[in-house]
Number of protein chains: 2
Amino acid sequence: MTMQDSASGVALWRQVADGIERGIANGTYAAGDKLPGETEIAEIYRVNRHTVRRALATLAERGFVRAERGSGTYVEAPRLAYPLRSRTRFSEIVGAGGQEPRGQLIDASEDVATKELARELGLKTGAALIRIEALRLADRTPICVSTSWLAAARFPDAGRVFGATRSMTKLLAHYGVRDYRRGTTRITAAIADAADAARLDLALGRPVLVVDSTDVDIDGKPLVTKRSRFAAERIEFVVENG
Amino acid sequence: MTMQDSASGVALWRQVADGIERGIANGTYAAGDKLPGETEIAEIYRVNRHTVRRALATLAERGFVRAERGSGTYVEAPRLAYPLRSRTRFSEIVGAGGQEPRGQLIDASEDVATKELARELGLKTGAALIRIEALRLADRTPICVSTSWLAAARFPDAGRVFGATRSMTKLLAHYGVRDYRRGTTRITAAIADAADAARLDLALGRPVLVVDSTDVDIDGKPLVTKRSRFAAERIEFVVENG
DNA sequence: TCAAGTTGTCTAGTATCATAGACAACTTGA
DNA sequence: TCAAGTTGTCTATGATACTAGACAACTTGA
């Protein structure tokens, strides 16, 4: 079988890698387990052993497995649970998992509100906004890239403040916002674009969870609206219903 | 640039197709809009025009765009919003969108509880279960494939009942369950496996939203636990926080 | 009517994906 | 010590993805 046969645009070795990764994600292969031998995997997927080796090579590079010559290939890593609550704070979630939360400013610039952004923020189309592009990590693992928009009128200089505090919570506090909560959240999945893939240290073609959300103050007035892209292979959202 | 250069295992034409599809999903190109010409797209992505044509061909086949000779290529379709509430009923959500909800039994069989399934359902590991594999559609568009597990002791013959009623709500009602609601929901994204891709009419390598959920009765006792895979390109989840 | 811009189709050449087979290097357990 | 099983590396070959250039067929607006 060749790539053309499937007409999927996804190389065979990549399909094998995805299959094994799925097995790791859903617990078929747990951390520390030994994978089947390369010849056996080749039989399972009905591909050549070289194709399997290419798949395992990329999984090893991404830290999912570790090959030991003469012995076998072993599973390395797990996933981070990410609750979606009304009070969602990245630092608290990651900290609870025993990891060190880190934020990093990628870029801050001025922008004008599109119709959609204006509606979310309760402004007029064309209103001045500040756009903040940020990367969030747990220890040294990139978790998500997010683009946030705030009204320039209410949060002047927000970019610099975020750069200094590296935290949206602290940024809002700086402007006198003592508490805030999540409004509605929209979730879908997509393939990471080149820029996000690079920042999240993802291979091209990997899925991201795309989350559009708006944070509001205690009176329900919108503060900031965001589009975040999470590395799906490292994250699992948990929705707790009341 | 070739596929090998990027070492992503994703063909160039596929990356272009994903890029254009992303543009359609996020509103850069709205329904009815004319896409840039093939030569222009080729310049944007720095690929050959033939590569762009291949990308557009697959988008056309999937119904996202329509090419008109001599004139241009035009955008066709949108996305279905899928609310995640405590009372989630597929039929109501789809029906509200003006589309006809349909269910289809793929397979029903007996199974034994793994440790995880047993915990979700409040049973002992190894308990007898009934596994129902089902496909859900809106009009004729496949939306999700789901695997449901129920305790065989409480819901004997559940497979046959689902086959007849084609509805989980009606199945539960048949066993005397008058109302039920969502327990916790876990969401992540992955690449569709071959079987799911076929059933959802997705190209290989396309992302799916994977939702693990358990429905409980009004007393909070677990009834059924499910793993559903939604075609990410057709769905957007909406989380409404209280 | 005509020019510019569009999609559709053809012919080639090159890079590389995938297969195939062989053997080396190493680990493990009998 | 040895046999079986594992990963690592090499050579070779066919299929095809991608590039390149040319021209046909058609639409649109001046």
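In what follows, chains carry the letters A, B, and so on, assigned in the order in which the sequence lines appear, proteins first and then strands, with residues in each chain numbered from 1.
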From the set [options], return the single nucleotide nearest to any side-chain atom of [X].
X       : options                : answer
A:Leu12 : C:dT19, D:dA25, C:dA22 : C:dT19
B:Ser71 : C:dA18, D:dT27, C:dT9  : D:dT27
B:Asn48 : D:dT19, D:dG8, C:dT7   : D:dT19

d([atom1], [X]; [atom2], [N]) in whole Å:
X       : N      : atom1 : atom2 : answer
B:Glu68 : D:dT28 : CD    : C1'   : 12 Å
A:Tyr74 : C:dT27 : OH    : P     : 11 Å
B:Glu43 : D:dT19 : CD    : P     : 14 Å
A:Arg54 : D:dC10 : CZ    : P     : 16 Å
B:Leu35 : C:dT6  : CG    : C1'   : 13 Å
A:Arg66 : D:dT6  : CZ    : C1'   : 14 Å
A:Glu38 : C:dC23 : CD    : P     : 19 Å
B:Gln15 : D:dA17 : CD    : C1'   : 13 Å

If you count every heavy atom of other residues, nucleotides or ligands that lies below 6.0 Å from B:Glu61 atom CD, does the total exceed 12?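 Count not over threshold, so no.
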Identify the nucleotide, in any strand shown, that forms a Watson-Crick or G-U wobble pair with [N], with both distances under 3.5 Å; if there is none, say none.
N      : result
D:dT11 : C:dA20
D:dA25 : C:dT6
C:dA30 : D:dT1

Indicate yes or no: at least one non-hydrogen side-chain atom of A:Val65 is less than 4.5 angstrom from one of A:Tyr74.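 Of all side-chain heavy-atom pairs linking A:Tyr74 with A:Val65, none is under 4.5 Å.
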Validation row: A:Leu35, A:Leu56 side chains within 4.5 angstrom (heavy atoms):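 They are in side-chain contact.
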Where each residue is assigned the nucleotide of DNA chain C containing its nearest heavy atom, which of B:Lys34 and A:Gly70 is assigned the position nearer the 5′ end?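 By nearest-heavy-atom nucleotide position, the 5'-most residue is B:Lys34.
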With nearest nucleotides of DNA chain C determined for A:Arg14 and B:Pro36 from heavy-atom distances, which residue corresponds to the more 5′ nucleotide?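 It is B:Pro36, whose closest nucleotide lies nearer the 5' terminus.
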Taking for each residue the nucleotide of DNA chain D with the nearest heavy atom, is it A:His50 or B:Arg69 whose nucleotide lies nearer the 5' end?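 It is A:His50, whose closest nucleotide lies nearer the 5' terminus.
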Hey, does the side-chain of A:Arg49 have a donor or acceptor N/O within less than 3.5 Å of a partner on the base of C:dG21?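 No pair found.
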Hey, does the side chain of [X] come within less than 4.0 Å of [N]'s phosphate (OP1/OP2), counting only N and O?
X       : N      : answer
A:Thr51 : C:dC17 : no
B:Trp13 : D:dA17 : no
A:Arg53 : D:dT7  : no

Does the pair B:Glu110/B:Arg131 count as a salt bridge with the N-to-O cut at 4.0 Å?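 Salt bridge: no.
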Applying salt bridge (charged side-chain N to carboxylate O under 4.0 Å, His left out), run through A:Glu133 and A:Arg229 and close with a yes or a no. CA-CA 11 Å; A:Glu133 206 84 26; A:Arg229 289 84 72 195; 3.4 Å; yes
Looking at B:Val145, B:Asp196, B:Leu105, B:Ile143, which one forms a side-chain contact (heavy atoms from CB on, under 4.5 Å) with B:Leu135?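 Of all the options given, the one that passes is B:Val145.
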Once you apply a heavy-atom cut-off of 4.0 Å, does A:Thr73 come out as touching a base, just sugar-phosphate, or nothing?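 The answer is sugar-phosphate, as A:Thr73 gets under 4.0 Å only of primed atoms, P, OP1 or OP2.
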